[in-house]
Amino acid sequence: MKESYFPQEIEKKWQAVWEETKAFKTLDNSDKPKYYALSMFPYPSGKLHMGHVRNYTITDVIARFKKANGFNVLHPIGWDSFGLPAENAAMKHNADPETWTDENIAYMTKQLKMLGLSYDWDREVTTCKPDYYKWTQWLFLQLYKKGLVYKKEAAVNWCNECGTVLANEQVIDGKCWRCDSVVEKKYLSQWFIKITEYADVLLEDLDKLPGWGDNVKTMQANWIGKSKGAIFNFPVIDAPSGEEMYVPVYTTRPDTVFGITYLVVAPEYKDIEKLTTAENEEAVEEYRANARKMTEIERLSTDRVKTGVPLGTHCRNPFNGEVFPLWTADYALVEYGTGAVMAVPTHDERDFDFAKKYNMPMKVVIENPENPSDCKDAAYTEPGVLVNSGEFNGMKNNEAKKAITKWAVDKGFGEFKTQYRLRDWLISRQRYWGAPIPVVYCEKCGIQAVPEDQLPVMLPKDVDFSVAGKSPITTSKTFKDTICPVCGGHAVRETDTMDTFVCSSWYYLRYADANNSEKCFDRDVVNHWLPVDQYVGGIEHAILHLLYSRFFTKALRDCGLLDFDEPFKNLLTQGMVLKDGAKMSKSKGNTVDPDEIFENYGADTARLFILSDSPPARDFDWSDAGVEGCYKFLNRVWRLISTNADNITLDYKLNFPLEKSNDDLVRTVHMAIKGITNDISNDFQFNTVISKYRELTNAIYDWQGGKASEYSEEDKQVLSFAIISLMKLMSPVAVHLTEEAWHELGGVGSIHEQPWCEWDENLAKSSSITLVVQVNGKVKDKIDVDADLSQDEMKQVALDSPKIKAQIEGKTIVKTIVVPGKLVNIVVK
RNA sequence: GCUCCAGUGGCGGAAUCGGUAGACGCGUUGGACUUAAAAUCCAAUUGGGCGUAUAACCCAGUGCCAGUUCAAGUCUGGCCUGGAGCACCA
């Protein structure tokens, strides 16, 4: 065995062997229980970054650990390869997005292999390939048939920079999630998926996910934003047309209806023109035009002074007969509730601000009996008792919510209403590099789905990327014109493509049956492998991808395609990779190229280091010194093995009782096995796993230092046990080093096929313990004693200690607490 | 403003149930080996009492203030700070 560690050499060698032998291929049929370990698949942007390295290493170690523990493990990888960067690169370099994407995939595949990841490459999926997007289109059609896809004219988020619309989830602080430019509102006819139909079950089923972090679950719950309230219809008494009109209002505060002093509709409110008098028309029109021009940021800014104009018409309050004016103001949002708000300035901060500015009347209707507020300086929004509220006076406001709504229901102008903030998912994109939406427009028959046997609707090749201001796909001469599947007449293809998040909402299902050319996936196969047992990825997908995927799973279940309702049983959201305290990014120039690490230190060092310093969920600060330290450690392990190679045998036998130093080492090994196994099993605490590798290595070195130059036969057996255990324990992390050493020591097959180490509970216990003796809860002495001392004996040892004697001298012992195997606490006065 | 998460040495972090605070590593300092360096090995490393060294001892200490307990990094209440998410959602 070579004395020095040459990672580059051995890594290349074993990667080739694994690839050739398909070492990590997963068979569907196995007697073993299944385990599905999944990393969020990458966008092929060009090169791997350290975030990828961290993500894939974590999942890889989990997959290997589970495999060694007797599971049939599915550990696949693929490419989320549709999307704008490919198209932008195409425009910039005048290449085509497919070539750009393919080249990136090829390069990144090479890097993944260099990292020594145990993927089943036969299940690789690539979302931009027709054999994948055919099924994305097919699933679109299933949802369409199910009534979960529709097209409508709507105010949508438009990013000028990207030249396309965005889903609500893709607008961050009023800016585009991708390019950070300000998002505008546009009125366009667009395709939507009815995710709102699943709002309630998406919220409720979060409780079925104990394996998800609370942070992600609360983020989703907030995003879905369920609130309970009521809708009341307010009759308009002076509509200019003279017709009978009502303005429905959604409120979560039915208890405050007696305090309404005006009503606000959003500038985009559908009936606003009919509710405006001739005298006010000009001002209202101007106000609305202004609101249209405003960006989402300006409009939604909370510190902006509220503005509005009166419509000139009035409503009657059916609860008390009072008459109040109608206004339009942009603090009312057309997309939420009914687009109209009943204003109670005394008990709502926003209404209060508005009322102050425009001198609206105010009327207190909720009061804290102990500390009544006149609401002159601020709205009172705390609980209280109803006043000035007719027959409801004296009622607690929380009870009044129900009573008042019920009253309105009985009288026929109100209903109980649950409202969600979640909006339908806008999926059409005016871009080229995505899955074409499989519908056509026929002059006679209207919108028609493309028949399933005509899928995939292929992306055209004859497109011009240099035309600004419109989707490149519309420049194709061959794509648009087609035949209507119903009447056979002329039809025009939809030129919008799907949001890439549609592609990534079901890829984890395809892995289970990746090579099925007949079906999207086989129901039984998917039912077997899913749900994913462990999903690992970045927190940035907490809402977007994870919510969409949960929706897809539920919708496909309802389409009868599968039989489970949550896709990801356990979710590990890994922290970011930082350098010098800031997220690694090209713009900050603090990135570390994985290739350089592979080249200088090898993949095993990279894997070890990325797991070593922080628990997976926390942010990880990259340090060059840390990499160096891990490299030195691997050298140290290698040296330990190589210098002892002649004394190591794979079929060692331990004949108890052992000589003391040997007994101690065997005990240390058992403790390490136990500790490492538990640390991986509980929450994947890889940082402590690695510290235990180091402890065990240190212990073997210490043991060796205490030995004479010549080992006894027993020494050799014990050393073999220790070193082979260390190698097996390290095999999920240092995948190449351990494989090489395994073979150098005469191992047959792969170390990665070996079962995990087992420990003996009795041998994992120390024969002696350090007894901690406290006086009044403060540690005063530590005494080495036999582990199996009785409680009385422990107490006696404690009282016999000279240090303790000195401490308690002249005091009375009030009581003595003995914690078996740990400590004695003497309470004195 | 609301929600969630976090706060422990110079740094990353460790500490099943409340039971030795600081495992393991990085860094630093000193030493061994070497002509020298690299590599390697050994030792020290929370602060203070404590500015010769050695050995020992004592006190304080896990963001802050209270509380529960024989015993609190860990539990409870109230704050402070940082991060993340949502945010005119009626």
Side-chain angles (χ1 to χ4, degrees), chain A residues 4 172-173 213-223 225-227 229 249-253 256 264 266 299-304 306 329-333 335-344 347-351 353-354 419-423 539-540 542-543 575-576 578 581 609 612-615 617-630 632-633 635-636 639 675 678-679 682 685 687-698 701 705 769-782 803 814-819 821-828:
Chain A
S4 304
I172 292 147
D173 289 336
D214 283 340
N215 52 346
V216 178
K217 286 194 276 189
T218 3
M219 275 160 76
Q220 291 212 355
N222 289 344
W223 188 262
K226 183 176 182 169
S227 73
V249 156
Y250 173 73
T251 181
T252 54
R253 294 298 305 272
T256 63
V264 176
R299 170 102 187 247
L300 293 182
S301 160
T302 30
D303 29 78
R304 208 176 113 242
K306 291 178 178 50
D330 60 12
Y331 80 91
L333 307 172
E335 315 94 64
Y336 187 76
T338 62
V341 181
M342 60 176 229
V344 185
H347 305 299
D348 181 281
E349 282 166 25
R350 294 151 304 186
D351 298 342
D353 292 346
F354 192 81
Q419 187 71 38
Y420 299 92
R421 305 168 71 155
L422 182 70
R423 314 275 162 80
I539 187 79
E540 67 273 19
I543 295 171
M576 287 186 297
L578 313 176
F609 176 56
S612 67
D613 265 11
S614 300
R618 248 192 265 180
D619 286 350
F620 175 87
D621 212 334
W622 183 274
S623 82
D624 296 335
V627 183
E628 195 73 38
C630 285
K632 283 182 185 174
F633 172 64
N635 273 285
R636 194 167 142 82
R639 223 170 24 246
N678 287 342
D679 284 355
N682 311 330
Q685 295 277 335
N687 53 331
T688 56
V689 168
I690 286 159
S691 74
K692 283 168 182 133
Y693 292 163
R694 291 176 186 273
E695 282 176 16
L696 180 55
T697 307
N698 292 344
Y701 268 110
I769 55 155
T770 304
L771 176 67
V772 175
V773 187
Q774 298 177 331
V775 174
N776 289 343
K778 302 215 170 199
V779 179
K780 295 296 174 188
D781 200 6
K782 298 172 188 178
K803 284 185 193 168
V814 181
K815 66 172 162 179
T816 311
I817 286 124
V818 181
V819 182
K822 269 205 180 117
L823 94 165
V824 174
N825 186 12
I826 301 164
V827 187
V828 295

Undergrad: On a whole-Å scale, what distance lies between the P atoms belonging to B:rA21 and B:rG78?
TA: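 One P to the other, the span is 29 Å.
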Undergrad: Assign a letter to each nucleotide of nucleotides 5-13 of chain B from its 5' end: B, base within under 4.0 Å of a protein heavy atom; S, sugar-phosphate only; -, no contact.
TA: -------SS
Undergrad: Please tell me if A:Tyr693 has a side-chain N or O lying less than 4.0 Å from either OP1 or OP2 of B:rC24.
TA: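 No, because none of the side-chain N or O atoms of A:Tyr693 sits under 4.0 Å from OP1 or OP2 of B:rC24.
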Undergrad: Quick check: closest heavy atoms across A:Met219 and A:Ala542, and the distance to 0.1 Å?
TA: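 That closest heavy-atom pairing would be CE-CB, 3.3 Å.
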Undergrad: Tell me: CG of A:Asp679 to P of B:rC24, nearest whole Å?
TA: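 The answer, rounded to whole Å, is 15 Å.
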Undergrad: Nearest whole angstrom, please: distance from the C1' of B:rC26 to the CZ of A:Phe609.
TA: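 Interatomic distance, CZ of A:Phe609 to C1' of B:rC26: 9 Å.
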Undergrad: A:Ile817 vs A:Gln774, test: side chain to side chain contact (heavy atoms under 4.5 Å, CB included). Steps then yes/no.
TA: CA-CA 9 Å; A:Ile817 286 124; A:Gln774 298 177 331; over 6 Å; no
Undergrad: What is the distance from atom CG of A:Asp353 to atom CG of A:Asp348, rounded to the nearest 0.5 Å?
TA: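 One gets 9.0 Å once the value is rounded to the nearest 0.5 Å.
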Undergrad: Using the P atom as the reference point in each nucleotide, state the distance between B:rU28 and B:rU35 in Å, no decimals.
TA: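 Those two atoms are separated by 26 Å.
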Undergrad: For the CD atom on A:Glu540, are there more than 12 heavy atoms of other groups (residues, nucleotides or ligands in this structure) within a distance under 6.0 Å?
TA: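 More than 12 within 6.0 Å, yes.
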Undergrad: For A:Lys815 and for A:Arg636, locate the closest nucleotide of RNA chain B by heavy-atom distance; then report the residue assigned to the nucleotide nearer the 5' terminus.
TA: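 Result of the comparison: A:Arg636.
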Undergrad: Taking the side chain of A:Ala625 as heavy atoms from C-beta outward, which of B:rC26, B:rA23, B:rA87 is closest to it?
TA: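 Per side-chain heavy atoms of A:Ala625, the pick is B:rC26.
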Undergrad: For the side chain of A:Arg694, counting heavy atoms from C-beta on, which of B:rA90, B:rC86, B:rG25 is nearest?
TA: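 So the side chain of A:Arg694 is nearest to B:rG25.
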Undergrad: To the nearest angstrom, how far is A:Asp624 atom CG from B:rC26 atom P?
TA: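 Roughly 14 Å, once rounded to whole Å.
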Undergrad: Measure across A:Ser227 and A:Tyr336 and return the closest heavy-atom pair with its distance rounded to 0.1 Å.
TA: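 In terms of heavy atoms, the two residues are closest at OG-OH, 3.3 Å.
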Undergrad: Partners of A:Gln685 by side-chain contact (heavy atoms from CB on, under 4.5 Å), sequence neighbours excluded?
TA: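 For A:Gln685, the residues satisfying side-chain contact (heavy atoms from CB on, under 4.5 Å) (neighbours in sequence not counted) are A:Pro615, A:Asp679, A:Asp683, A:Asn687, A:Thr688.
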Undergrad: Can you tell me, in whole Å, how much space there is between the C1' of B:rG73 and that of B:rA15?
TA: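 Roughly 9 Å separates the two C1' atoms.
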Undergrad: Just the rounded figure in Å: distance from C1' of B:rA87 to CG of A:Leu422.
TA: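 Nearest whole value for this atom pair: 16 Å.
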Undergrad: Kindly assign one of parallel, tilted or perpendicular to the pair A:Tyr331 and A:Phe354, based on the angle between their ring planes and the thresholds 30° and 60°.
TA: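 Geometry flag for A:Phe354 against A:Tyr331: tilted rings.
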Undergrad: Rounding to an integer number of angstrom, what distance separates B:rU20 and B:rA71 when you compare their P atoms?
TA: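 Result for the P pair: 15 Å, nearest Å.
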Undergrad: Quick one: label A:Ser623 by what it contacts on the DNA or RNA (base, sugar-phosphate, nothing), any heavy atom closer than 4.0 Å.
TA: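 Result for A:Ser623 = nothing.
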Undergrad: What's the closest nucleotide to the side chain of A:Leu333 if the choices are B:rA14, B:rG85, B:rA90?
TA: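 Nearest to the side chain of A:Leu333 among the choices is B:rA90.
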Undergrad: Using atom CD1 of A:Ile539 as one end and atom P of B:rG83 as the other, report the distance to the nearest whole Å.
TA: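 Going from A:Ile539 (CD1) to B:rG83 (P), I get 17 Å.
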Undergrad: So does A:Asn698 get a side-chain nitrogen or oxygen closer than 4.0 Å to the phosphate oxygens (OP1/OP2) of B:rG25?
TA: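 Answer yes for this pair, as a side-chain N or O of A:Asn698 is under 4.0 Å from OP1 or OP2.
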Undergrad: Toward the 5' end of RNA chain B, which comes first, A:Gln419 or A:Gly629, by nearest nucleotide?
TA: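 Per heavy-atom nearest nucleotide, the more 5' residue is A:Gly629.
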Undergrad: Once you round it to whole Å, what is the distance between P of B:rA90 and CG of A:Asp330?
TA: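 Answer to the nearest Å: 17 Å.
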Undergrad: Rounded off to whole Å, could you give me the NZ-to-C1' distance for the A:Lys822 and B:rA15 pair?
TA: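 In whole Å, B:rA15 C1' and A:Lys822 NZ are 11 Å from each other.
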Undergrad: For residues A:Gln220 and A:Ile543, report the shortest heavy-atom separation together with the two atoms involved.
TA: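 For A:Gln220 and A:Ile543, the tightest heavy-atom pair comes out as NE2-O, 4.3 Å.
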Undergrad: In whole Å, what separates the P atom of B:rA23 from that of B:rU8?
TA: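 My reading of the P atoms in B:rA23 and B:rU8 gives 16 Å.
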Undergrad: Quick one: which of B:rA14, B:rG19, B:rU40 gets closest to the side chain of A:Lys632?
TA: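 Selected nucleotide: B:rU40.
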Undergrad: According to ring pair (Phe, Tyr, Trp, His ring centres under 6.0 Å), who are the partners of A:Trp223, at least two apart in sequence or on a separate chain?
TA: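 In terms of ring pair (Phe, Tyr, Trp, His ring centres under 6.0 Å), with neighbours along the sequence ignored, A:Trp223 is linked to no residue.
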Undergrad: Distance between the C1' atoms of B:rG22 and B:rA14, in whole angstroms?
TA: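 The same atom, C1', in both gives a distance of 7 Å.
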Undergrad: Please work out if A:Val772 contacts a base, only the sugar-phosphate, or nothing of the nucleic acid, heavy-atom cut-off 4.0 Å.
TA: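 Base contact.
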Undergrad: Indicate the atoms forming the closest heavy-atom contact of A:Glu335 with A:Arg423, along with that distance.
TA: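 Nearest pair, atom of A:Glu335 first, then A:Arg423: OE1-NH1, 3.0 Å.
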Undergrad: Just confirming the chi classification of B:rG22, syn or anti, using 90° around 0 as the syn window.
TA: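 Nucleotide B:rG22 adopts anti.
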Undergrad: State whether the distance check finds a donor on one side and an acceptor on the other, under 3.5 Å, for side chain A:Glu349 versus base B:rG1.
TA: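 No, the side chain and the base share no sub-3.5 Å donor-acceptor pair.
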Undergrad: Roughly how many Å apart are B:rC24 and B:rA44, using the P atom of each and rounding to a whole number?
TA: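 That atom pair is separated by 11 Å.
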Undergrad: Would you sort out whether A:Phe620 and A:Phe609 count as a ring pair (Phe, Tyr, Trp, His ring centres under 6.0 Å), showing the intermediate values?
TA: CA-CA 10 Å; A:Phe620 175 87; A:Phe609 176 56; 5.1 Å; yes
Undergrad: Pick the P atom in B:rU68 and in B:rU29, then give their distance to the nearest Å.
TA: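 Taking atom P in both B:rU68 and B:rU29, they lie 48 Å apart.
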Undergrad: Could you pull out the closest heavy-atom pair between A:Gln419 and A:Gly337, with the gap in Å?
TA: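 Heavy atoms only, the tightest pair is NE2-N, 3.4 Å.
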Undergrad: Check this for me: does the side-chain of A:Lys306 come within 3.5 Å of the base of B:rC88 through a donor and an acceptor?
TA: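 Yes.
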Undergrad: The side chain of A:Trp223 is closest to which nucleotide in this list: B:rG19, B:rA87, B:rG85?
TA: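 Of the options given, the side chain of A:Trp223 lies nearest B:rA87.
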Undergrad: Please report the shortest heavy-atom distance between A:Asp619 and A:Ser614, naming the atom on each side.
TA: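 Reported closest heavy-atom pair: O-OG, 3.3 Å.
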Undergrad: What stem regions, each of at least 3 consecutive Watson-Crick or G-U pairs below 3.5 Å, can be found for RNA chain B?
TA: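 Detected stem regions: B:1-7 with B:80-86, B:10-12 with B:24-26, B:27-32 with B:40-45, B:46-49 with B:57-60, B:63-67 with B:75-79.
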Undergrad: Ignoring the backbone of A:Arg639, work out which of B:rU40, B:rG19, B:rA90 is nearest its side chain.
TA: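 Nearest listed nucleotide: B:rU40.
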Undergrad: Find the distance A:Asn776:CG to B:rG19:P and express it as a whole number of Å.
TA: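 Atom CG in A:Asn776 sits about 19 Å away from atom P in B:rG19.
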Undergrad: How would you list, by chain and number, every residue that makes a side chain to side chain donor-acceptor pair (under 3.5 Å) with A:Lys822, sequence neighbours excluded?
TA: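 A:Lys822 satisfies side chain to side chain donor-acceptor pair (under 3.5 Å) with no other residue.
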Undergrad: Between A:Val627 and A:Trp622, does a side chain to side chain contact (heavy atoms under 4.5 Å, CB included) hold up when you go through it step by step?
TA: CA-CA 8 Å; A:Val627 183; A:Trp622 183 274; 3.4 Å; yes
Undergrad: Might you list the N or O atoms of the protein lying below 3.5 Å from N or O atoms in nucleotides 55-61 of chain B, with each pair's distance?
TA:
residue, atom, partner, partner atom, Å
B:rC57, OP1, A:Lys803, NZ, 3.3

Undergrad: For A:Val341, report the nucleic acid contact type (base, sugar-phosphate, nothing); a contact means any heavy atom under 4.0 Å.
TA: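 Touches a base.
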Undergrad: Categorize A:Ser227 for me: base, sugar-phosphate, or nothing, with a 4.0 angstrom heavy-atom threshold over every strand shown.
TA: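 A:Ser227: backbone/sugar contact only, no base atoms under 4.0 Å.
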Undergrad: Determine if the base of B:rC17 is syn or anti; take syn to mean the glycosidic torsion is within 90° of 0.
TA: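 Syn, since the glycosidic angle lies within 90° of 0.
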Undergrad: Is any side-chain N or O of A:Asn825 under 3.5 Å from a base N or O of B:rC70, one able to act as donor and the other as acceptor?
TA: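 Answer yes: a donor N or O sits under 3.5 Å from an acceptor.
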